[in-house]
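First up is the structure itself, then whatever we jot down about it.
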Amino acid sequence: MSSPPPINAEGTPQINGGAGVITPAFSPLYQQIKGLILQSLQQGEWKPGEAIPSEMELASRFRVSQGTVRKAIDELAADNLVTRRQGKGTFVATHAERQVQYRFLKLLPDAGDAREEGPAQRTILECRRLRANAEVARSLALRAGDSVIQIKRILSFVGVPTILEDIWLPGQAFKGLTAEQMAHYQGPTYAMFELDFGVRMVRAEEKIRAVLPDETQAQWLNVSPATPLLSVERLAYTYNDVPMELRRGLYRTDTHHYHNKLS
């Protein structure tokens with residue numbers, strides 16, 4: 001692997017001689033180091049759950065101080081991209097960890113908590129490969145007609161159908177995904193995406209509104225068509241803001257509520 005260009009205290013890459021000109025970089029030095037570490041994460045140099053090099057090793061690699069590396073890693077940890085473990089080092093965050101799982105689980109039971117309720121039971125209604133329409137293609141940064149995988153499923157808690165979801169994934173990134181994988185993987189779906197396809201969701205944006213179900217949706221969720229539901233549209237991204245999942249869910253809220261922490 002070639003070494004990155006040395007970076008001076010002003011945050012500008014240096015070149016040794018030659019007539020080449022590099023446009024000065026005006027972001028703080030630690031932000032540049034954060035970007036270089038993110039690049040390594042995106043390229044899969046360190047897998048989810050694996051340790052990244054120590055601050056001393058990274059400082060030597062990027063030719064900066066340990067303090068600069070520490071500040072970059074602090075930001076990555078705040079973004080839930082890496083986790084620090086006392087006395088063990090810093091590790092690439094993974095959806096197999098409970099604290100990461102629950103970042104993306106927003107529907108919680110009114111009584112008790114999600115851990116007591118246990119994992120959702122998944123019923124896959126449909127899993128098929130098709131051509132993306134203009135709307136899905138735009139959301140996933142694809143071209144209309146590109147291959148996508150659509151999954152329709154019901155998530156039930158304690159035997160009660162609670163969430164009806166439509167999920168669209170880029171076909172190239174999730175080549176070979178089957179209904180059996182979606183139904184039988186015991187852990188979180190995002191952990192399966194990491195393990196089987198090397199795709200890690202690092203953040204998501206959601207739009208929420210109240211809606212009424214149509215007759216088919218009401219039947220799947222075992223409610224009256226007059227029952228108000230929570231419509232949640234999520235666009236999830238991997239590293240460097242690359243969209244990797246469009247998810248539209250209808251949530252029953254008679255025994256559950258949508259919970260979000262703001263800070």
May I ask you to establish whether R200 and F193 are in a cation-pi arrangement, using a distance under 6.0 Å from NZ or CZ to the six-membered ring centre and at most 45° from the ring axis?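 Geometry flag: not set, cation outside 6.0 Å or 45°.
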
Check whether [X] reaches the backbone of [Y] with its side chain - one donor and one acceptor, N or O, closer than 3.5 Å.
X    : Y    : answer
S156 : G159 : no
E50  : K47  : yes
T227 : S224 : yes
Q31  : P28  : no
R122 : Y185 : yes

Following the transitive rule for hydrophobic clusters with a side-chain heavy-atom cut-off under 4.5 Å over Ile, Leu, Val, Met, Phe, Trp and Tyr, establish whether [X] and [Y] coincide in one cluster.
X    : Y    : answer
L169 : V242 : yes
Y239 : I73  : yes
L177 : L142 : no
Y30  : L38  : no
L76  : L36  : yes

When Ile, Leu, Val, Met, Phe, Trp and Tyr are grouped by side-chain heavy atoms lying under 4.5 Å apart, directly or through other members, which residues fall in the same group as M56?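 Under the 4.5 Å side-chain rule, M56 groups with nothing.
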
Could you work out the complete set of other residues in the hydrophobic cluster of L125, with links drawn between I, L, V, M, F, W and Y side chains under 4.5 Å apart?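 Via sub-4.5 Å side-chain contacts, L125 links to I154, L164, V211, W220, L221, V223, L229, L250.
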
Restricting to pairs with a member in residues 166-186, which pass salt bridge (charged side-chain N to carboxylate O under 4.0 Å, His left out), not counting sequence neighbours?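 Those involving residues 166-186 are K152-D166.
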
Going by heavy atoms in the side chains, are [X] and [Y] under 4.5 Å from each other?
X    : Y    : answer
T189 : M182 : yes
R138 : V136 : no
V82  : F91  : no

Please step through side chain to side chain contact (heavy atoms under 4.5 Å, CB included) for the pair V148 and L140, ending with a clear verdict. CA-CA 9 Å; V148 293; L140 294 176; 4.3 Å; yes

For a quick test of your reading: what N or O donor-acceptor pairs under 3.5 Å do the side chains of residues 64-71 make, sequence neighbours left out?
{"residue": "S65", "atom": "OG", "partner": "T68", "partner atom": "N", "Å": "3.2"}
{"residue": "S65", "atom": "OG", "partner": "T68", "partner atom": "OG1", "Å": "3.0"}
{"residue": "R70", "atom": "NE", "partner": "E55", "partner atom": "OE1", "Å": "3.1"}
{"residue": "R70", "atom": "NH2", "partner": "E55", "partner atom": "OE1", "Å": "3.1"}

Salt bridge check, [Y] against [X]: does any charged N sit closer than 4.0 Å to a carboxylate O?
X    : Y    : answer
K34  : D79  : yes
R247 : E165 : yes
R203 : E205 : yes

Apply side-chain hydrogen bond (donor to acceptor under 3.5 Å, both in side chains) to S147 and R129, showing your working. CA-CA 7 Å; S147 173; R129 185 175 291 267; 2.8 Å; yes

Distance, nearest 0.5 Å, that separates [atom1] of [X] from [atom2] of [Y]:
X    : Y    : atom1 : atom2 : result
Q39  : N240 : CD    : CG    : 8.0 Å
M192 : E194 : CE    : CD    : 11.5 Å
L130 : D146 : CG    : CG    : 11.5 Å

Decide yes or no on side chain to side chain contact (heavy atoms under 4.5 Å, CB included) for C127 and I149, but give the supporting numbers first. CA-CA 7 Å; C127 181; I149 295 173; 4.2 Å; yes

Derivation of the side chain to side chain contact (heavy atoms under 4.5 Å, CB included) call for D110 and T253: CA-CA 9 Å; D110 292 338; T253 58; over 6 Å; no

Begin from the C-alpha positions of R252 and I163 and carry the test side chain to side chain contact (heavy atoms under 4.5 Å, CB included) through to its verdict. CA-CA 6 Å; R252 285 179 56 169; I163 304 174; over 6 Å; no

Which atom pair, heavy atoms only, marks the closest approach of [X] to [Y]?
X    : Y    : value
P53  : L58  : O-CD1, 3.6 Å
L212 : A226 : CD2-O, 3.6 Å
P213 : P225 : CD-O, 3.6 Å
P170 : P243 : CG-O, 4.4 Å

Check the side chains of [Y] and [X] for a donor-acceptor pair under 3.5 angstrom, ignoring hydrogens and angles.
X    : Y    : result
T123 : R153 : no
E245 : Y237 : no
S40  : E45  : yes

Other residues, nucleotides, ligands: >12 heavy atoms within 6.0 Å of E215 CD: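 Atom CD in E215 is not crowded, with 12 or fewer foreign heavy atoms closer than 6.0 Å.
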
For the rings on Y251 and H256, is their centre-to-centre separation under 6.0 Å?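 They do not qualify: ring centres at least 6.0 Å apart.
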
With sequence neighbours excluded, what pairs up with R248 under the side-chain contact (heavy atoms from CB on, under 4.5 Å) test?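 side-chain contact (heavy atoms from CB on, under 4.5 Å) list for R248, sorted by chain: E135, W168, E233, L246.
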
Qualifying ring-ring contact (aromatic ring centres under 6.0 Å, His included) pairs with a residue from residues 197-218, counting only residues at least two apart or across chains: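 Qualifying pairs, neighbours excluded: F174-F197.
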
